[in-house]
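Worksheet: the structure to be examined is printed underneath.
Counting convention: from 1, in listed order, for ligands and their atoms alike. These numbers come from the heavy atoms of this one structure, side chains and all, not from hydrogens, waters or symmetry mates.
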Amino acid sequence: MAKAVKTIGVLTSGGDAPGMNAAIRAVVRTAIHEGLKVKGIMRGYAGLLQEEIVDMGSTSVSDIIHRGGTILYTARCMEFMTPEGQAQGAEICRKHGIDGIVVIGGDGSFRGAGKLAALGINTIGVPGTIDLDVACSDYTIGFDTSVNTAMVAIDKVRDTSTSHERCSIIEVMGRKAGYIALWCGFANGAEDVLLPERYDGDEQALINRIIDNRKRGKKHNIIINAEGIGHSASMARRIEAATGIETRATILGHMQRGGTPTCKDRVYASIMGAKAALLLAAGKSNRVIAYRRGEYMDLDIQEALSMKKDIPEDQYEIEKMLVR
Ligand code: ADP
Ligand code: F6P
């Protein structure tokens, strides 16, 4: 049932992602265009519970589209996982006249958004995470910038790896998902990619491939290891001991979360942010913006959260084929 809203809030939650600022800008400017007032909620659900709420106008989002991070800051908030915290959050919204919220974040943040919707605050989720692990959407804000940052960094490691004829294990982020790892595997022409969704723990097979690669004359051996598998340093020590080839581990870490958003992230974030504000203006609630099979759409939050997605098997097979 549609409910008219006059004032909306916008918050970013979970890990930050390049392009979140473009999404905030789009939410604010679209809402104003639709005659709504906008409030920025700082530090995700934590800031909501602390009532860190500021008025936003069109100029509050000037000069941010090109900036990484999020001007609203972000946080993870355990208190909001409890029914008491959620009830308090809804009450604070009502106190500040906020009758709709755009939540920019991942699946965890959408769970919180669903709770607010059930408590009568119209909520719309926008997928923002470098991990690409939002099941309902083929695209998440930040992924493109993140994989480009990782790709450039891995190219640099590859140079020195080749000069020293070493093996390099490079650990990329992604929480439990291997999308960043798979894309870097392709883009960097890695000799091996270890994905949490696929890795069977057979280190001997990995070692055999490294030995074989060296016999075939490869000067470097790049292994992309996903954070969800981890243990890159100890893996490097075992590989060096077993192969006799000097092996180094590099953990790329939070550099993958920062930096100037790519064109793709800015454009997708702008469209998704605008669509979220338009849904609120139309009185909609409990929806998530998604990009699926080349189209933007919105889905029921609970339906979105019940979806599953996996690494496309054909892509994984192609990646392996290209380096053998
Ligand atoms: P992401 O949104 O990137 O998946 P998290 O899983 O860390 O990141 O979730 C971000 C925040 O969303 C959490 O810190 C919490 O405040 C909120 N959240 C997560 N799960 C729930 C839940 N089941 N109920 C209410 N809020 C939740
Ligand atoms: O969800 C984004 C992400 O960068 C994951 O890839 C990683 O597992 C996690 O956040 C790291 O979180 P933190 O910023 O708390 O170290």
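With respect to R287, the side-chain hydrogen bond (donor to acceptor under 3.5 Å, both in side chains) criterion is satisfied by exactly one of T123, D300, D298: D298. Evaluated for a salt bridge (charged side-chain N to carboxylate O under 4.0 Å, His left out) with E191, the options R158, K320, K218 yield exactly one hit, K218.
Between the side chain of E227 and the main chain of G174, a donor-acceptor pair closer than 3.5 Å is present. Judged by distance alone, the side chain of R214 and the main-chain N or O of E165 form a donor-acceptor pair under 3.5 Å. Looking at Q86, its side chain does come within 3.5 Å of a backbone N or O of M81 through a donor-acceptor pair.
In this model, no donor atom of one side chain and acceptor atom of the other lie less than 3.5 Å apart for T145 and R266. T262 and D144 share a side-chain donor-acceptor pair at under 3.5 Å. A donor-acceptor contact under 3.5 angstrom links the side chains of S58 and R29, judged on distance only.
In this structure, the protein non-hydrogen atom closest to atom 7 (O) of ligand 1 is R76 NE, 3.0 Å. R76 NH1, 2.8 Å is the protein heavy atom nearest to atom 15 (O) of ligand 2. The protein heavy atom nearest to atom 1 (O) of ligand 2 is D131 OD2, 2.6 Å. Protein heavy atom nearest atom 26 (N) of ligand 1, with residue, atom name and distance: G112 CA, 3.4 Å. Nearest non-hydrogen protein atom to atom 22 (C) of ligand 1 is R111 CB, 3.6 Å. For atom 21 (C) of ligand 1, the nearest protein heavy atom (residue, atom name, distance) is M81 SD, 3.3 Å.
Of the listed residues (R257, K176, E227), the one carrying the non-hydrogen atom nearest atom 12 (O) of ligand 2 is R257. Counting heavy atoms only, S13 comes closest to atom 10 (C) of ligand 1 of the residues S13, G142, G114.
Taking the salt bridge (charged side-chain N to carboxylate O under 4.0 Å, His left out) definition, one finds that E203 meets it with R238, sequence neighbours left out.
For ligand 1, the polar-atom distance check finds an N/O of R175 within less than 3.5 Å of one of the ligand's N/O atoms. Residue S109 has at least one nitrogen or oxygen atom sitting less than 3.5 Å from a nitrogen or oxygen atom of ligand 1, judged on distance alone. The shortest N or O to N or O distance between C77 and ligand 1 is below 3.5 Å. On a distance-only criterion, M78 and ligand 1 share no N/O pair closer than 3.5 Å. Checked by distance only, ligand 1 and G108 come closer than 3.5 Å through their nitrogen or oxygen atoms.
Heavy-atom contacts of Y45 reach the following atoms of ligand 1: 12 (O), 16 (O), 17 (C) (cutoff under 4.0 Å). Near H254, meaning under 4.0 Å from one of its heavy atoms, ligand 2 places the atoms 13 (P), 14 (O), 16 (O). Of all the atoms in ligand 1, the ones that sit under 4.0 Å from a non-hydrogen atom of G14 are 8 (O), 10 (C). Using a 4.0 Å cut-off to heavy atoms of G106, the atoms of ligand 1 that qualify are 1 (P), 2 (O), 3 (O), 4 (O). Those atoms of ligand 2 with a heavy atom of G174 less than 4.0 angstrom away are 6 (O). Interface atoms of ligand 1 facing F80, defined by a heavy-atom separation under 4.0 Å, are 16 (O), 25 (C), 26 (N).
Residue contacts with ligand 1 include Q86, since one of its heavy atoms falls under 4.0 Å from the ligand. The closest approach between Q256 and ligand 2 stays at or above 4.0 Å for every heavy atom of the residue. Every heavy atom of T129 sits 4.0 Å or more from the atoms of ligand 1.
The closest side-chain heavy-atom distance from I53 to I98 is below 4.5 Å. Looking at S168 and T250, their side chains never come closer than 4.5 Å, going by heavy atoms from C-beta outward.
Nearest heavy atom pair, residue N122 against residue S285, reads CA-OG, 3.1 Å.
You'll find the ring centres of F143 and Y179 outside the 6.0 Å limit.
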